[in-house]
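Some notes on the structure that comes next.
Just so you know, these numbers use all the heavy atoms, side chains as well, and skip hydrogens, waters and symmetry mates.
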Amino acid sequence: MGLISGMLMGIVFGIALMAGWKHMMRYRSNKRIAKAVDIKSLSSLNRDDLKKICGENFPEWISFPVFEQVKWLNKQLSKLWPFVADAAEAIIKESVEPLLEEYRTPGITSIKFSKLSLGTVAPKIEGIRVQSLKKGQITMDIDLRWGGNPNIILAIEAALVASIPIQLKDLKVFTVVRAIFQLAEEIPCISAVVVALLAEPKPRIDYTLKAIGGSLTAIPGLSDMIDDTVHSIITDMLQWPHRIVVPIGGMPVDTSELELKPQGKLTVAVVRANNLKNKELIGKSDPYVVVYIRPLFKVKTKVIENNLNPVWNQTFELIVEDKETQSLILEVFDQDVGQDERLGVAKLPMIELEAEISKEIELRLLPSLDMLKIKDKKDRGTLTIQVLYHEFNKEEQLAALEEEKRILEERKKLKEAGVIGSTMDALDGAASLVGSGVGLVGSGLGAGAGIVGSGLGAFGSGLSKAGKFMGRTITGQSNASKRSGSSTPVNSVQENGGAKPL
C-alpha cells in the first residue's frame with residue numbers, strides 16, 4: 001500500500017513539476033515577446049513623441065543613435081575653456097555689436113556691450129553626428145547645451161532716456177550647431193567652414209534681464225525689444241538655411257558655392273481681413289499688415305482707418321531662399337500714437353506651396369506664433385491672401401541676389417537719413433526708392449528726404465510728423481513697433497519700401 005501511494009505521489013509531483021516548468025517557460029516567452037513589442041514601439045518614436053516623454057532638453061543621441069557621446073571632448077573643453085572664453089569674448093564683441101546695431105528694434109537708439117565675460121563654466125556637448133552629405137564636404141552636427149555663469153551687461157539707450165545698464169542673468173543655451181567643412185588638397189586640408197544653427201530642434205536661448213541702478217520700466221517694452229533683437233539675429237543670421245561662412249588658411253578662397261542663394265520669388269497679395277479684434281476705447285482699430293520672410297527686410301500695407309474688416313488688395317514680391325524651411329509671416333497691427341499694437345499674426349510654411357500655382361488662402365490670426373506662452377487664446381479674426389511661388393533659374397537667381405544687396409544698402413541709407421529708426425522697420429509709401437537714386441520722398445503727414453532718379457533732393461509737404469518717438473521715426477502711416485521677422489523684396493520699387501505693388 002505504501003509503495004502504491006508513493007508511486008502515485010511521485011507521478012502527481014512529476015506532473016505538477018512539468019506543468020509548472022511549462023507555465024514558467026510560457027510566461028518567460030510572453031515577457032520576451034512583450035519586451036520585443038515595447039522595443040519595436042520605442043524604435044518607431046519620432047522626435048515629437050520623445051519630447052512628450054522626456055521633455056525638450058533630452059540629448060540628441062537618445063532619439064538618434066547616430067549622435068555619438070563625446071565625454072572625452074567635454075573633459076578637454078573644460079580644461080581649455082578659460083583660453084577659449086578669452087578668445088571668444090573678443091570675437092563676440094567685435095562681430096556681435098554691429099549686429100545688435102543693425103537688428104535693433106525701433107524703440108532702441110543704441111545697444112552695446114558694456115561688459116562681456118563668458119564665465120568659468122564650459123558648454124557641454126551631448127552628442128556629435130558626422131555625415132558626408134556632399135562630395136568634398138564633411139558635415140558635423142553638434143548638440144550643444146550651456147548653462148554657464150557669464151557676466152553680460154548691455155548699455156541701452158532710447159530717445160529722451162539716458163543709458164541704462166541691463167544685465168543678462170541665468171543665461172541658458174540649447175541648440176544643435178551644424179558645421180560644414182569644405183575640404184582642400186593643401187594643408188590644413190580645410191578651405192572654409194560653414195556654421196549654422198539647425199532649425200529643428202528650435203534653438204533656445206533663455207535669460208532674465210535685470211536693470212543695474214535703474215528700472216526696466218524706464219523704457220516701456222524693453223524686455224520685448226531685447227527679445228525681438230536676439231530672435232532676429234538668430235533667425236536671420238544663424239538659423240539654417242542662413243549661415244556664416246569662414247575662410248580658413250589665410251588664402252583667397254571662392255566661397256560662393258557655400259553661401260545662401262535665392263531659390264525663388266513669392267508674390268503675395270494681401271486681400272482682406274475679417275473680424276479683427278478691436279483695440280480702441282473709442283472707435284475702431286486702424287489696421288495694417290506687415291509681411292516678411294526674412295528679418296532684415298519688411299514691407300507693409302497701407303493703413304485702413306476705423307475698420308475691423310479692412311480690404312487692402314496690395315501685392316508684394318518677396319525672395320525665398322530655402323523653400324523647405326522658411327515661412328511667410330503676416331502680422332496685423334493697429335496704428336496708434338506711440339507704439340502700434342499687434343492684433344494677430346499668421347504663418348504660412350513655404351513647403352506647402354507648389355511652383356507656378358496661384359492659391360487663395362484664409363489664415364486664422366493668432367496672438368503669437370508661440371502659443372504655449374499665451375493665456376488669452378480668443379479668436380483674433382482671419383486674414384485672406386493670394387500667393388504664387390516662382391522658382392528661379394540661374395540668371396534670375398543671380399539677379400535676385402544683386403537686387404537683395406542693393407535694397408539692403410538703400411535701407412541703410414534710409415536709416416542714415418533719419419527716415420527710419422532701424423533697418424528692421426517695415427516701410428510703406430511714405431518712403432520711396434525710385435530709379436537708381438538713393439532717397440526718400442515724404443508726402444501728406446509724412447516727411448522725408450528723397451532722391452528721384454539720380455538727382456538729389458529733400459522734399460516734404462503737409463504737416464510733418466517725422467521725428468523720433470521712443471527711438472523710431474514715424475513716417476507716413478507709422479512704423480510697426482513689434483517685429484519678429486522680415487521679407488526681402490525682389491524688384492526696384494516706387495513704394496512699400498522695397499515691395500512692388502503689381
Side-chain angles (χ1 to χ4, degrees), residues 59-61 64-99 116-146 148 150 173 175-200 203 233-234 236-263 321-322 324-325 394 397-398 401-402 405:
E60 292 296 321
W61 50 265
F64 297 97
V66 290
F67 274 79
E68 300 178 7
Q69 298 185 59
V70 284
K71 295 181 179 179
W72 62 272
L73 185 56
N74 286 319
K75 291 180 180 179
Q76 299 303 318
L77 183 58
S78 298
K79 295 178 182 178
L80 293 172
W81 180 244
F83 307 98
V84 174
D86 289 341
E89 288 164 9
I91 295 174
I92 291 173
K93 192 164 186 177
E94 181 180 348
S95 59
V96 174
E97 269 195 354
L99 293 178
L116 176 62
S117 172
L118 296 182
T120 58
V121 179
K124 183 179 180 182
I125 299 174
E126 294 286 355
I128 291 180
R129 173 176 60 187
V130 179
Q131 305 174 86
S132 182
L133 302 178
K134 190 175 180 180
K135 186 177 181 181
Q137 295 180 356
I138 294 177
T139 301
M140 182 181 296
D141 294 336
I142 305 169
D143 180 19
L144 187 69
R145 311 294 166 94
W146 185 40
V173 179
T175 187
V176 177
V177 181
R178 168 160 289 185
I180 301 176
F181 300 91
Q182 181 72 34
L183 303 181
E185 295 180 354
E186 300 179 0
I187 293 177
C189 300
I190 298 174
S191 60
V193 178
V194 177
V195 180
L197 306 181
L198 291 188
E200 179 61 36
I233 291 176
I234 292 174
D236 198 55
M237 289 293 296
L238 297 176
Q239 186 170 308
W240 189 266
H242 306 294
R243 74 285 301 267
I244 295 176
V245 181
V246 183
I248 301 294
M251 298 177 62
V253 179
D254 181 14
T255 59
S256 59
E257 291 299 320
L258 300 175
E259 295 174 353
L260 184 64
K261 297 182 180 66
Q263 280 189 356
E321 291 167 320
D322 188 66
E324 301 298 318
T325 60
K394 190 69 174 179
Q397 186 182 63
L398 295 176
L401 185 60
E402 291 302 315
K405 294 177 181 178

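Across all non-hydrogen atoms, the minimal contact from Ile190 to Phe181 is CD1-CD2, 3.8 Å. Closest approach of Pro98 and Ser95 over heavy atoms only: CD-O, 3.5 Å. For the residue pair Pro203 and Leu197, the shortest heavy atom distance occurs at CG-CB, 4.0 Å. Contact detail for Ser78 and Ala122: the closest heavy-atom pair is CA-CB, 4.0 Å.
Applying the side-chain contact (heavy atoms from CB on, under 4.5 Å) criterion to Gln137, with sequence neighbours excluded, gives Lys134, Ile180, Gln182, Leu258. Qualifying side chain to side chain donor-acceptor pair (under 3.5 Å) partners for Thr120, counting only residues two or more places apart in sequence or in other chains: Asn149. The side-chain contact (heavy atoms from CB on, under 4.5 Å) check on Ser117 picks up Glu89, Asn151, with sequence neighbours excluded. Shown here are the side chain to side chain donor-acceptor pair (under 3.5 Å) partners of Gln131, two or more places apart in sequence or in another chain: Asp141. Considering only residues two or more places apart in sequence or on other chains, Lys93 meets the side-chain contact (heavy atoms from CB on, under 4.5 Å) condition with Glu97, Phe113, Leu116. With sequence neighbours left out, the side-chain contact (heavy atoms from CB on, under 4.5 Å) criterion links Pro150 to Trp146, Ile152, Leu171.
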- Steps toward side-chain contact (heavy atoms from CB on, under 4.5 Å) verdict (Leu198, Thr175): CA-CA 7 Å; Leu198 291 188; Thr175 187; over 6 Å; no

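We find the CD-CG distance between Glu321 and Leu401 to be 8.5 Å, quoted to the nearest 0.5 Å. Annotation: the span from Leu183 atom CG to Cys189 atom SG amounts to 8.0 Å, rounded to 0.5 Å. The CG atom of Leu80 sits 9.0 Å away from atom CG of Leu73, with the distance rounded to the nearest 0.5 Å. Atom CG of Asn74 and atom CD of Glu126 lie 7.5 Å apart (nearest 0.5 Å).
Two residues are said to be in side-chain contact when any heavy atoms from C-beta on lie closer than 4.5 Å; Ile248 and Pro188 meet this criterion. Contact check for Val177 versus Asp143: no side-chain heavy atoms found under the 4.5 Å cut-off. When side chains are defined from C-beta on, Val194 does not count as touching Ile244, because their heavy atoms never get closer than 4.5 Å. The closest side-chain heavy-atom distance from Leu77 to Pro123 is below 4.5 Å. Side-chain contact between Val176 and Ile142: absent, with no pair of heavy atoms (C-beta onward) separated by less than 4.5 Å. Looking at heavy atoms from C-beta onward, Val121 lies out of side-chain contact with Trp81 at the 4.5 angstrom threshold. Two residues are said to be in side-chain contact when any heavy atoms from C-beta on lie closer than 4.5 Å; Arg178 and Val195 fail this criterion.
Few gaps surround NZ on Lys261; more than 12 heavy atoms of other groups in view lie less than 6.0 Å from it.
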